[in-house]
Amino acid sequence: QHLNDGSEEGECGFVTVACPYDCGGGFQRRQLTKHKAENCFIRPFTCRYCNYKATYVEVTNAHWDICQKYPMECPNKCGETVIERQFLTKHLEETCPLQVIKCEF
């Protein structure tokens, strides 16, 4: 019998332990650090663009679709590839050289 069976802390790296973020996964203790840092889809995660904090899956699957600081490429392919979402409309209306506009004449 191993000491500390099932707990995150302990000496034996081959004991199966549960993910502390309750993702439902069971891992060998020696694999838990990598799982928590890189693979757990419900690990705490911060948006690199606006610092919004949630789970990895929420930030990357839902938040990035609405994040106002998320970098966007100009849909007209004018060459601007890093426009914050909040400034995309302004770019299209005021500075994009490839934006089609109505002729006043």
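Side-chain atoms are counted along with the backbone in the values below, which use heavy atoms only and exclude waters and symmetry mates.
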Q. Given Q68 and E84, is the side chain to side chain contact (heavy atoms under 4.5 Å, CB included) satisfied, shown in steps?
A. CA-CA 6 Å; Q68 291 301 299; E84 288 183 7; over 6 Å; no
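- Within a 6.0 Å sphere centred on OH of Y56, heavy atoms belonging to other residues, nucleotides or ligands number 12 at most.
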Q: Would you sort out whether H35 and C23 count as a side chain to side chain contact (heavy atoms under 4.5 Å, CB included), showing the intermediate values?
A: CA-CA 11 Å; H35 169 75; C23 71; 3.5 Å; yes
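- At least one side-chain heavy atom of P20 sits under 4.5 Å from a side-chain heavy atom of L32.
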Q | Pair W64-R48, side chain to side chain contact (heavy atoms under 4.5 Å, CB included): steps then yes or no | A | CA-CA 10 Å; W64 280 351; R48 69 183 79 153; 3.6 Å; yes
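- The CD atom of Q31 sits 9.5 Å away from atom CG of N39, with the distance rounded to the nearest 0.5 Å.
- Between T95 atom OG1 and F87 atom CZ the span is 11.5 Å, to the nearest 0.5 Å.
- K53 has its side chain out of reach of P44: every pair of non-hydrogen atoms, C-beta onward, lies at least 4.5 Å apart.
- The structure places NE2 of H91 at 6.5 Å from CG of N76, a figure rounded to the nearest 0.5 Å.
- Taking every heavy atom of both residues into account, P75 and L88 meet most closely at CD-CD1, 3.9 Å.
- By the criterion of side-chain heavy atoms lying less than 4.5 angstrom apart, applied directly or through intervening Ile, Leu, Val, Met, Phe, Trp or Tyr residues, Y21 is not grouped with V59; the two fall into different hydrophobic clusters.
- Considering only heavy atoms from C-beta on, C50 comes within 4.5 Å of H63 through its side chain.
- Hydrophobic cluster membership differs between Y52 and I42, with clusters built from Ile, Leu, Val, Met, Phe, Trp and Tyr side chains linked at under 4.5 angstrom.
- Rounded to the nearest 0.5 Å, atoms CZ (R85) and CE (M72) are 4.5 Å apart.
- Using a 4.5 Å heavy-atom threshold, the side chains of K77 and E73 count as touching.
- Once rounded to the nearest 0.5 Å, the distance linking CZ of R43 with SG of C19 reads 10.0 Å.
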